There are 2 protein chains.
Amino acid sequence: MELSARKRKILGILVEHYIHTAEPVSSAEIKELYDEEISSATIRSELAALEELGYLIQPHVSSGRIPTEQAYKLYVEAVLAGEKKEIVVAGVRDYLDRKIVEIEDVVRNTARVISDATNYTSIIVIKNTDEIRIREVKIVEVDVGRALVVIITDSGVIKDNIIEIPVNMGSGYVTAANNVVNDLFAGRTLKEIKSSQTDIEAEMMQYHDIFDKIVMLLEEYASGRHNKVFVEGTSKMFRHPEFSEIDNARDFIRLLDEKERLSDLMKTDDEIELSVRIGRSDGLDGNCALVTARYSIGGTEIGNAGVIGPVRMDYDKVVRVLHYIQKEFNGEDREKEKGNGEIKRREQK
Amino acid sequence: MELSARKRKILGILVEHYIHTAEPVSSAEIKELYDEEISSATIRSELAALEELGYLIQPHVSSGRIPTEQAYKLYVEAVLAGEKKEIVVAGVRDYLDRKIVEIEDVVRNTARVISDATNYTSIIVIKNTDEIRIREVKIVEVDVGRALVVIITDSGVIKDNIIEIPVNMGSGYVTAANNVVNDLFAGRTLKEIKSSQTDIEAEMMQYHDIFDKIVMLLEEYASGRHNKVFVEGTSKMFRHPEFSEIDNARDFIRLLDEKERLSDLMKTDDEIELSVRIGRSDGLDGNCALVTARYSIGGTEIGNAGVIGPVRMDYDKVVRVLHYIQKEFNGEDREKEKGNGEIKRREQK
DNA sequence: GTTAGCACTCTAACCTTCCGACTGCTAACA
DNA sequence: TGTTAGCAGTCGGAAGGTTAGAGTGCTAAC
């Protein structure tokens with residue numbers, strides 16, 4: 001059912017006011033904020049109607065109203081539909097422009113910037129993908145029967161694992177294995193390797209074992225079960241009064257503790273640039289909401305960055321910050337010629 | 001000042017009882033737990049004396065007593081001096097024995113095991129050391145003017161960074177640089193490299209720039225500013241009633257949020273195998289205590305594993321669990337011949 | 001030095017009261 | 001029909017009072 005323009009306007013004022021005060025909003029307060037002349041009685045009757053429709057609740061009969069999750073969702077729709085006014089976040093460029101880049105540092109620092117700019121806890125998930133191109137596979141024998149396998153891509157090292165290797169082979173075994181394995185893997189994506197697997201098997205024979213193990217590593221990687229999750233600014237949650245409620249605080253921390261679940265929640269549909277999940281109806285305990293932006297360069301999805309906070313969140317600000325960060329990443333991209341999606345990815349990874 | 005044997009005994013009973021109930025302990029309760037016949041009045045007079053000495057406080061006049069930090073410290077001394085009865089923790093061996101080992105996985109899982117076994121939040125810090133031996137340095141050009149530097153050691157990859165490289169050199173430049181750099185670094189420890197730095201400079205000349213950058217990476221690594229900190233089981237804090245107090249909860253989470261400070265707190269003196277920090281007097285906010293065990297193999301310090309929880313912590317259990325884990329690591333070591341400190345390190349890293 | 005007995009203290013739980021915030025309703029009005 | 005002023009009514013939260021019970025400190029006797 002469609003709301004009248006006035007209902008929308010009143011609801012919008014109420015939600016925004018509540019976002020900032022965290023106190024139930026009375027008809028008199030709305031009257032103050034309303035730009036035209038209107039009586040509080042009229043507002044009261046509209047509020048009663050909005051409550052009937054499920055957009056508001058009254059904690060008790062002699063208090064003002066607070067928005068329901070349904071109201072937040074409507075509000076967020078309006079925010080997303082509106083123009084994205086810029087919000088400038090200092091410090092992002094510094095990290096992107098640095099000459100020497102610790103791969104994980106960039107992510108961690110981006111997360112910190114988002115958290116500081118929004119005043120909420122931020123989360124970044126690096127999505128593993130089987131479209132990543134392998135540059136080199138390095139097998140280093142570190143002990144009798146044990147070798148370290150390092151898989152290097154344009155985006156940095158994606159895996160380093162200890163594997164067992166046969167013991168009674170000659171001393172040249174590892175060197176030879178290195179060469180064979182590199183011929184097979186270097187320059188290809190995991191996807192390509194998987195699709196051409198049978199051809200390769202024939203060539204391998206005596207390195208069969210090592211090959212299998214490396215494929216296993218890559219498959220585990222691409223399975224996404226081990227997506228890397230970075231969380232920054234956990235303690236910022238305590239700045240928001242809903243988390244003085246110990247139950248909410250517990251649910252919140254528990255959610256952050258379960259990295260796999262978090263990683264799942266951060267997933268967005270392929271078409272969606274920015275997703276907002278609000279409250280229990282979207283699978284979030286503890287009075288939480290989660291805003292997630294997808295970061296992709298040249299059509300390749302890199303990962304998701306998001307903000308988690310109370311349902312009563314400043315969605316407008318959060319959306320702007322996430323957009324700005326997105327733009328910074330893309331902006332740098334355009335400074336260079338084509339083919340540099342990979343550069344971008346490197347920096348984000 | 002020395003306490004009488006009876007005072008010690010009463011204090012011990014009180015501390016242990018308080019650890020389990022989290023309620024002020026009355027003279028009548030101690031009488032129940034005391035193995036000999038003794039009247040509550042006698043206990044009361046002893047309690048009054050202990051309070052006078054600063055070991056106990058009364059929340060209010062008509063309640064029992066609770067231990068002060070001073071009392072916990074005395075108690076912990078007794079625990080550490082006593083024999084370390086074994087406590088078996090399932091699941092540790094599984095991870096150590098796995099054929100394919102993701103380096104970070106072992107740490108994360110060890111942390112999880114410690115947290116589950118103790119019911120407290122666990123922390124593991126991997127200490128960077130300049131005694132680590134470099135196996136190979138790999139420079140991979142990933143874009144014009146940019147290369148990925150991967151530093152491989154026995155313990156896995158310690159660094160992967162993007163650096164800038166000169167652009168107008170021939171195509172063989174990177175290959176040659178790889179060879180030169182490897183000759184210089186492979187097989188040495190960072191310490192050795194640092195001490196022989198001047199000799200090396202002469203050889204380098206045209207790879208001077210790359211060499212400098214790699215040394216920079218290694219030095220930053222060894223500086224310890226980027227010790228890796230793993231935290232598991234944060235939400236377990238809510239199982240303990242002191243963290244229903246929102247202020248304590250906030251201080252606790254804030255502490256975990258500040259990874260650098262945490263890393264500092266985890267440091268132990270060289271001679272100390274196991275350190276216990278209790279409360280504000282030891283630099284911990286939020287009614288916290290921190291038990292840290294040093295893990296070292298063959299004399300080389302690997303890192304610290306610890307447990308953080310309320311001051312009212314089950315120190316006995318925590319100490320046993322940390323000892324058990326320590327022993328498991330060492331135990332595996334002894335199954336193999338000498339020289340396998342490196343294997344161990346690999347698994348812990 | 002130890003103990004029984006008792007007076008005393010203080011908290012936590014439970015009422016009651018009261019103030020004030022805000023509403024819903026009614027009746028009048030445009 | 002929609003809007004408004006006015007007013008009675010509801011309810012939460014703060015403040016204050018009462019009470020029961022837990023546990024002590026003190027005293028006097030052993």
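Just so we're clear, the structure is a prediction, and the values are computed from it rather than from any experiment. Numbered from 1 within each chain, the chains take letters A, B, ... in sequence-line order.
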(message) Rounded to whole Å, please give me the gap between CD in A:Glu36 and P in D:dT4.
(response) 11 Å

(message) Consider side-chain hydrogen bond (donor to acceptor under 3.5 Å, both in side chains). Of A:Asp116, A:Asn119, A:Thr121, which one does A:Lys236 pass it with?
(response) A:Asp116

(request) Using only side-chain N and O atoms of B:Ser39, determine if any of them is under 4.0 Å from OP1 or OP2 of C:dT2. (result) no

(request) Find the distance B:Ile43:CD1 to D:dG25:P and express it as a whole number of Å. (result) 13 Å

(message) Would you say that B:Pro310 contacts B:Asn287 through its side chain, given a criterion of any heavy-atom pair below 4.5 Å between the two side chains?
(response) no

(request) Evaluate the criterion salt bridge (Lys or Arg N to Asp or Glu O under 4.0 Å) for residue pair B:Arg261 and B:Asp264; output intermediate values, then yes/no. (result) CA-CA 5 Å; B:Arg261 191 168 150 225; B:Asp264 281 350; over 6 Å; no

(request) Calculate the interatomic distance between B:Glu46 atom CD and C:dT2 atom P; express it in whole Å. (result) 7 Å

(request) Send over the distance from A:Glu29 CD to C:dT23 P, rounded to a whole Å. (result) 9 Å

(request) Quick one: look up who D:dG25 pairs with, Watson-Crick or G-U, both distances under 3.5 Å, and put none if it's unpaired. (result) C:dC6

(message) Rounded to whole Å, how long is the line connecting atom CZ of B:Arg65 with atom P of C:dC10?
(response) 14 Å

(message) What I want to check is whether the side chains of A:Ser115 and A:Glu232 have a donor and an acceptor closer together than 3.5 Å.
(response) no

(request) Tell me what B:Ser27 touches on the nucleic acid: a base, only sugar-phosphate, or nothing, going by heavy atoms under 4.0 Å. (result) sugar-phosphate

(request) Decide yes or no, distance alone: a donor-acceptor N/O pair under 3.5 angstrom between the base of D:dG2 and the side-chain of A:Arg44. (result) no

(request) Write down the distance between CD (B:Gln58) and P (D:dA22), rounded to a whole number of angstrom. (result) 17 Å

(message) In this structure, how many angstroms lie between the P atom of C:dC22 and the NZ atom of A:Lys31, rounded?
(response) 15 Å

(request) Could you tell me the separation between the CD1 atom of A:Ile66 and the P atom of D:dG12, rounded to a whole number of Å? (result) 14 Å

(message) With nearest nucleotide decided by heavy atoms, which residue, B:Val61 or A:Ser62, maps closer to the 5′ end of DNA chain C?
(response) B:Val61

